[in-house]
A.B. asks: 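Can you keep this structure in mind? I'll have questions shortly.
No hydrogens, no waters, no symmetry mates; every other heavy atom, side chains included, goes into these values.
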Amino acid sequence: MTAQRDAYRVSVKWADLVEVRRDKLGGLVPLDVMVFSRSELEPVDARGKVRRSVPPKVTEVGADRRIQVGVYLRDWRESPIGRAVAATGFQA
């Protein structure tokens with residue numbers, strides 16, 4: 001699965017999924033987060049422009065291994081993403 005962020009693109013494999021948890025965006029809005037053991041990062045911005053590098057803070061805070069799935073797809077449990085998560089043995 002690939003997610004595009006403002007300053008980079010992150011790609012993960014379902015086999016590397018380690019946790020699906022409920023978190024809060026900005027400390028207020030409940031949000032589901034998928035956590036992976038590893039990922040691949042590309043320094044590409046949201047407009048497709050290649051950047052020199054991924055900002056170091058991304059890996060420092062672990063954002064390179066987390067996808068806030070609710071931001072991209074509100075009802076993700078009823079989508080192919082939810083079925084893929086369930087197929088890994090995690091509760092979607």
A.B. asks: Specify the closest pair of heavy atoms between Asp64 and Ser39, including all atoms of both residues, with the distance to one decimal.
C.D. replies: O-OG, 2.6 Å
A.B. asks: Looking at Asp23 and Arg21, does any basic side-chain N land under 4.0 Å from a carboxylate oxygen?
C.D. replies: yes
A.B. asks: Measure from the side-chain N and O atoms of Gln4 to the backbone N and O of Tyr8, and report whether any donor-acceptor pair falls under 3.5 Å.
C.D. replies: yes
A.B. asks: Is any side-chain heavy atom of Val20 less than 4.5 Å from a side-chain heavy atom of Val33?
C.D. replies: no
A.B. asks: Using a cut-off of 6.0 Å, state whether more than 12 heavy atoms not belonging to Asp75 lie near its atom CG.
C.D. replies: yes
A.B. asks: So, do Val10 and Thr2 sit near enough that their side-chain heavy atoms are less than 4.5 Å apart?
C.D. replies: no
A.B. asks: Around atom CD of Glu19, are there more than 12 heavy atoms from other residues, nucleotides or ligands closer than 6.0 Å?
C.D. replies: yes
A.B. asks: Are the side chains of Lys24 and Val29 in touch, meaning some heavy atoms are under 4.5 Å apart?
C.D. replies: no
A.B. asks: If you group Ile, Leu, Val, Met, Phe, Trp and Tyr by side-chain heavy-atom gaps below 4.5 Å, do Val69 and Leu41 land in one group?
C.D. replies: yes
A.B. asks: For the pair Asp45 and Arg5, find out whether any cationic side-chain nitrogen is under 4.0 Å from an anionic carboxylate oxygen.
C.D. replies: no
A.B. asks: Closest approach of Met34 and Met1, non-hydrogen atoms and distance?
C.D. replies: CE-CE, 3.0 Å
A.B. asks: Which donor-acceptor pairs under 3.5 Å do the side chains of residues 49-63 make with protein atoms, sequence neighbours left out?
C.D. replies:
from: Arg51; atom 1: NE; to: Ala7; atom 2: O; distance (Å): 3.3
from: Thr59; atom 1: OG1; to: Pro56; atom 2: O; distance (Å): 3.1

A.B. asks: Identify the two heavy atoms, one from Trp76 and one from Ile81, that lie closest to each other, and give their separation to 0.1 Å.
C.D. replies: CE3-CG2, 4.0 Å
